[in-house]
2 protein chains.
Amino acid sequence: MSTQHGGGAAPGAAGPIDDVSKAIIEQLQEDGRRSYANIGKAVGLSEAAVRQRVQKLTDSGVMQIVAVTDPLQLGFSRQAMLGIKADDDLVAVADRIAALNQVDYCLVTAGSFDILAEVICANDDDLLRLITRIRGIDGVLSTETFMYLSLRKQEYNWGTR
Amino acid sequence: MSTQHGGGAAPGAAGPIDDVSKAIIEQLQEDGRRSYANIGKAVGLSEAAVRQRVQKLTDSGVMQIVAVTDPLQLGFSRQAMLGIKADDDLVAVADRIAALNQVDYCLVTAGSFDILAEVICANDDDLLRLITRIRGIDGVLSTETFMYLSLRKQEYNWGTR
DNA sequence: AGTGAAACGACCGTAGA
DNA sequence: TCTACGGTCGTTTCACT
């Protein structure tokens, strides 16, 4: 679970990230398995120094190195963003929605929706069941569904541009 | 760029992913730098076989191993989803929006918005400038802003649950 | 926080079932 | 598509700056 936007104080609180660490992150955004020695050559640091910095960055939650997948190729062909209106404690409602397996992204927002949730399903039946279930969650007043038709951009490289 | 939802045919078209490959993906979702030998022990395969499968999975775009970062800890404190109405060629408009640096996620949807775009900015000034710019893009009719208040869930582990 | 060196382990190409 | 093996390179630990 992330710590962004109210999820709690940063665990490591590593302070501002310097340019060398940003350069390291940039390398790992291109290829999460690039060797420390290689990164060291690119950023002008020894292999051991790179490794220490990567350790710190991951420990403090600034960065994590993970596999990200293409839902379509894994058989999940229905993706949608749900705009949700809720009452009372929005965080509590959002957490109940976030607890669902098919929800991969969930947050409290300011605007005409209180909560946004991205969901991913194998087919229309699953999606319909999921929406029905979310509408039955305590505190959920209404949902509006935005079916994904064409994903045009999805980037993971933050803070290094 | 992803190939999901109309972005083009799957490059590798690797066919259905079997359970062993899913197990490998699962390992790499936990830790993108886990050694192939280690993964091999977990899934019952030799190091070389794991390596070949990972190669195929990444080449075909089923999976990529990357560093993902926490925008907040990198000094980007304003995040929002924009719901956009547009005319004519939605894909063309979405691509113009997607071309902007601060846009990290952009897609064409079915629903009361035509396009959704997630944006990330250092501060309110940057965000305001960005929204103004998007509203000036050819084909954009209107935008609605959903400011992120509290991120409750963000998961990258797809297809292995 | 960084470097350098030596032992260890991972990675990669190739050959073969 | 997998296993087996040897050469190469990356990683890890530790002593030092």
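Just so we're on the same page: letters track the sequence lines, and every chain starts at 1.
- For B:Glu47 and D:dG10, the CD to P distance is 15 Å, given to the nearest whole Å.
- At a threshold of 4.0 angstrom between heavy atoms, the contacts of B:Ala48 include nucleobase atoms, whether or not backbone atoms are also involved.
- One interatomic measurement links the two molecules: CD1 of B:Ile39 to C1' of C:dC11, which rounds to 13 Å at whole-angstrom precision.
- One interatomic measurement links the two molecules: CD1 of B:Ile65 to P of C:dC11, which rounds to 11 Å at whole-angstrom precision.
- A:Ser77 places a side-chain N or O within 3.5 Å of a backbone atom of A:Ala122 that can act as its donor or acceptor partner.
- Taking atom CD of B:Gln55 as the reference point, atom P of D:dT1 lies 13 Å away to the nearest angstrom.
- Taking the six-membered ring for Trp and thresholds of 30 and 60 degrees, A:Phe113 and A:Phe146 have ring planes more than 60 degrees apart, a perpendicular arrangement.
- Rounded to an integer number of Å, the gap from A:Gln52 CD to C:dT3 P is 9 Å.
- Each of B:Ala49 and A:Ala37 was assigned the nucleotide of DNA chain D with the nearest heavy atom; the assignment lying further toward the 5' end belongs to B:Ala49.
- For the pair A:Tyr36 OH and C:dG9 P, the computed distance is 18 Å after rounding to whole Å.
- Rounded to whole Å, the distance from NZ on B:Lys41 to P on C:dC11 is 11 Å.
- When rounded to the nearest whole Å, the span between CG of B:Leu45 and C1' of D:dT1 equals 9 Å.
- Contact annotation: B:Arg34 does not reach the phosphate of C:dA10 (side-chain N/O to OP1 or OP2, under 4.0 Å).
- The only member of A:Leu130, A:Asp124, A:Leu128 that meets side-chain contact (heavy atoms from CB on, under 4.5 Å) when paired with A:Arg78 is A:Asp124.
- Of the possible donor and acceptor atoms, none in the side chain of B:Arg51 sits under 3.5 Å from a partner among the backbone N and O of B:Ser46.
- Using a 4.0 Å heavy-atom cutoff across all strands shown, B:Arg51 reaches at least one base atom of the nucleic acid.
- For the pair B:Arg53 and D:dC2, the criterion of a side-chain N or O lying under 4.0 Å from OP1 or OP2 is met.
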